[in-house]
Amino acid sequence: MTQVLSISANTAAYAMEALKPAQREPKKTVVEEAIHALARRVEQGSDQQLRALINVVKPPSLALYFLTSSHHQNPQATYEQVQEAYEDNESKHEAA
């Protein structure tokens, strides 16, 4: 006697999750962790060569801060304020 089983696609997908190979950690994450470990070692030690190296290879959070620091909103001027500033600039230029 033969028994036929029927399962849904969701159940099959759930069962296949266990058979999938584990995802590798991205290389970027490994590098960031190594840089943070080096920065902690520099803080604890007095090796000048390591201090020079960490000054060249900045921790990613600091690099990210400098990369995104220009993304803040600058205050915007109204059209009237811009016109007034141009007129002031023109009058100063003509007077000179």
Residues Y79 and Q83: side-chain donor-acceptor under 3.5 angstrom: yes
Test item: E17 side-chain N/O and Y14 main-chain N/O as donor-acceptor pair under 3.5 Å: no
Note: R40-E43 ion pair, threshold 4.0 Å (strictly below): no
Euclidean distance, T11 OG1 relative to M16 CE, rounded to 0.5 Å: 13.5 Å
